[in-house]
Protein chains: 2
Amino acid sequence: MTLHLDPVALNGAELFDALGEDDRMDVLRAGTVRRLAKGRRIFAQGDPGETCHTLLDGRVKIVQSRPDGGQSVIRFIGPGEMFGTVAALMDRPFPADAVAVVDSVEIHWPVTAMRRLMTRFPQLAICSAASAGRRLFELQERLGELSAERVEQRIARTVARLVRQAGRRTEEGVEIDFPITRQDLAEMTGSTLHTVSRTLSAWDERGVTASSRRRLVVRKLHLLLEIADPDDG
Amino acid sequence: MTLHLDPVALNGAELFDALGEDDRMDVLRAGTVRRLAKGRRIFAQGDPGETCHTLLDGRVKIVQSRPDGGQSVIRFIGPGEMFGTVAALMDRPFPADAVAVVDSVEIHWPVTAMRRLMTRFPQLAICSAASAGRRLFELQERLGELSAERVEQRIARTVARLVRQAGRRTEEGVEIDFPITRQDLAEMTGSTLHTVSRTLSAWDERGVTASSRRRLVVRKLHLLLEIADPDDG
DNA sequence: CGGGCAATTGAAGTAGATCAAGCCCAGTGG
DNA sequence: CCACTGGGCTTGATCTACTTCAATTGCCCG
């Protein structure tokens with residue numbers, strides 16, 4: 001089965017925004033597009049980083065597992081975002097697993113091909129550096145939060161971030177457009193599913209959110225932001 | 001007073017390792033070398049990122065201050081490392097302060113000049129992307145630690161990292177070669193100076209470390225690593 | 001020699017982890 | 001169609017590693 005190759009599919013993809021349509025087509029042809037069934041692991045922590053990926057549709061979770069058996073959710077990838085690229089370009093093993101959380105579509109390139117493309121289109125190299133920079137800043141921010149803020153505040157910030165990344169307006173409010181568990185939230189905030197559960201229950205009570213099994217709707221964003229940033233921001 | 005411009009001074013500097021001596025000289029000439037008295041602030045959080053820096057000698061602390069008044073020590077920079085570069089290249093304000101913790105020497109370039117240099121020597125661009133990647137991975141690691149490990153373990157890891165970055169062999173053991181306070185350690189581990197003080201006291205007791213005012217010597221590295229990584233690694 | 005930054009150390013309080021028990025609901029297969 | 005099963009969620013009770021508060025000491029530099 002062949003998926004159609006539409007250069008427009010890459011509109012908004014961070015890696016390709018700076019390229020013209022013709023160039024995009026060349027880049028597309030050098031890669032492989034494939035469907036990913038929900039739950040499918042795209043690469044595993046420790047695998048040699050030999051491929052660069054960009055998500056075209058769906059949602060992918062990047063999870064790091066720690067020696068003690070615990071996991072950390074590093075981030076969720078949305079359409080247009082690349083992943084696995086930094087590791088590949090640095091010839092390092094992947095530092096985390098990548099798992100499709102819903103049925104998704106991605107395109108991927110062997111790192112050798114990507115290097116060739118980057119030589120030909122320096123914009124690609126610059127974009128990928130910028131993307132690394134953005135993530136560096138984001139992590140720095142999260143590091144500061146994690147060491148200074150209380151759990152509720154961290155959960156609020158995390159949910160607010162998810163709203164920005166994956167919020168879909170509904171009549172009820174803004175819904176996170178992919179299934180997310182309390183456990184996920186716990187692993188993103190350095191907490192436990194128990195505490196997350198209690199927190200969400202309390203928020204539901206107050207009408208801030210409406211959460212259910214794998215589903216999260218923010219009904220009063222202003223209140224959430226208030227919790228995330230008490231003395232305003 | 002003119003500091004002499006010795007291309008060899010840049011040996012081991014991550015940004016320049018890939019360049020020949022002639023090219024290095026060109027790069028050097030485009031920048032400004034200056035001494036930094038201990039305590040001197042090189043740039044401040046929020047300043048427009050208009051300069052790229054590389055430390056030639058000494059030690060620089062990168063500190064983020066949070067809205068609530070607290071601070072996070074993001075990292076310490078040693079000779080050869082660059083700083084402020086990612087922000088500058090992305091046209092973002094600096095996300096943190098940079099402060100010289102001992103008398104130091106740095107070289108810095110206006111970001112416009114650095115962009116020109118990077119076009120001329122693509123290696124510079126690639127190196128700086130790689131450097132961002134390394135730091136990205138390091139932060140990911142720290143994020144995982146911070147959310148999962150107990151304070152003592154985090155302090156141990158942090159000290160172990162400092163030993164790697166700034167350890168100097170002495171007859172007593174390995175000494176961190178710049179002045180560091182309990183407060184610094186607390187801000188690096190997301191803890192308080194009280195807890196750090198108690199922890200170091202306990203370690204001193206056991207002969208793991210020998211700490212005093214702004215000074216830290218690791219006497220039994222194997223024990224420290226044991227604490228940092230209980231079930232081996 | 002004195003002023004202030006760094007560090008120590010005790011005592012008390014608490015956020016949130018951990019332990020424990022049970023419930024709810026979406027699939028699955030008979 | 002209904003019973004079963006297991007993953008996801010809730011909620012109470014207890015426990016504890018840290019923070020916070022408070023006081024004191026000691027070191028270094030001017």
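Being a predicted model, the structure only gives us computed values, none of them experimental. Reminder, nothing fancy here: chain letters follow the sequence lines and each chain counts from 1.
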[X] has an atom [atom1]; how far is it from atom [atom2] of [N], in whole Å?
X      : N      : atom1 : atom2 : result
A:E205 : D:dC9  : CD    : P     : 18 Å
A:I180 : D:dG8  : CD1   : P     : 13 Å
A:L216 : D:dC9  : CG    : P     : 10 Å
B:D204 : C:dA7  : CG    : C1'   : 12 Å
A:L193 : C:dG16 : CG    : C1'   : 13 Å
B:Q183 : D:dT20 : CD    : P     : 12 Å
B:W203 : C:dA7  : CH2   : P     : 15 Å
A:K38  : D:dG7  : NZ    : P     : 14 Å

Counting just side-chain N and O atoms, does [X] come under 4.0 Å of either OP1 or OP2 of [N]?
X      : N     : answer
B:R182 : C:dT8 : yes
B:T181 : C:dA6 : no
B:S197 : C:dT8 : yes

Polar-atom pairs under 3.5 Å, protein N or O versus N or O of nucleotides 16-19 of chain D: list them with distances, or write none.
residue: D:dC18; atom: OP1; partner: B:V151; partner atom: N; Å: 2.9
residue: D:dT19; atom: OP1; partner: B:S191; partner atom: OG; Å: 3.4
residue: D:dT19; atom: OP2; partner: B:S191; partner atom: OG; Å: 3.3
residue: D:dT19; atom: OP2; partner: B:T192; partner atom: OG1; Å: 3.3
residue: D:dT19; atom: OP2; partner: B:T195; partner atom: OG1; Å: 2.3

Checklist line | CA sep, side-chain torsions, deciding dist, call: A:T195, A:T192, side chain to side chain donor-acceptor pair (under 3.5 Å) | finding: CA-CA 5 Å; A:T195 303; A:T192 63; 3.2 Å; yes

Next item on the list: Inspect the surroundings of CD in B:E205 and state if more than 12 heavy atoms from other residues, nucleotides or ligands are less than 6.0 Å away.
Entry: no

Salt-bridge test for [X] and [Y]: reply yes if a basic N is under 4.0 Å from a carboxylate O, no otherwise.
X      : Y      : answer
B:R161 : B:E141 : yes
B:E175 : B:R168 : yes
A:E149 : B:R66  : no

Next item on the list: Please work out if A:R213 contacts a base, only the sugar-phosphate, or nothing of the nucleic acid, heavy-atom cut-off 4.0 Å.
Entry: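 Base contact - A:R213 has a heavy atom under 4.0 Å of at least one base atom.
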
Check: Given the rule in the side chain to side chain donor-acceptor pair (under 3.5 Å) test, do A:Q45 and A:S65 qualify, once you have shown the distances and angles that lead to the verdict?
Finding: CA-CA 8 Å; A:Q45 183 167 343; A:S65 25; 3.2 Å; yes

Next item on the list: Mind jotting down which residue pairs meet the salt bridge (Lys or Arg N to Asp or Glu O under 4.0 Å) criterion with at least one end in residues 184-204 of chain B? Sequence neighbours excluded, please.
Entry: B:K61-B:D184

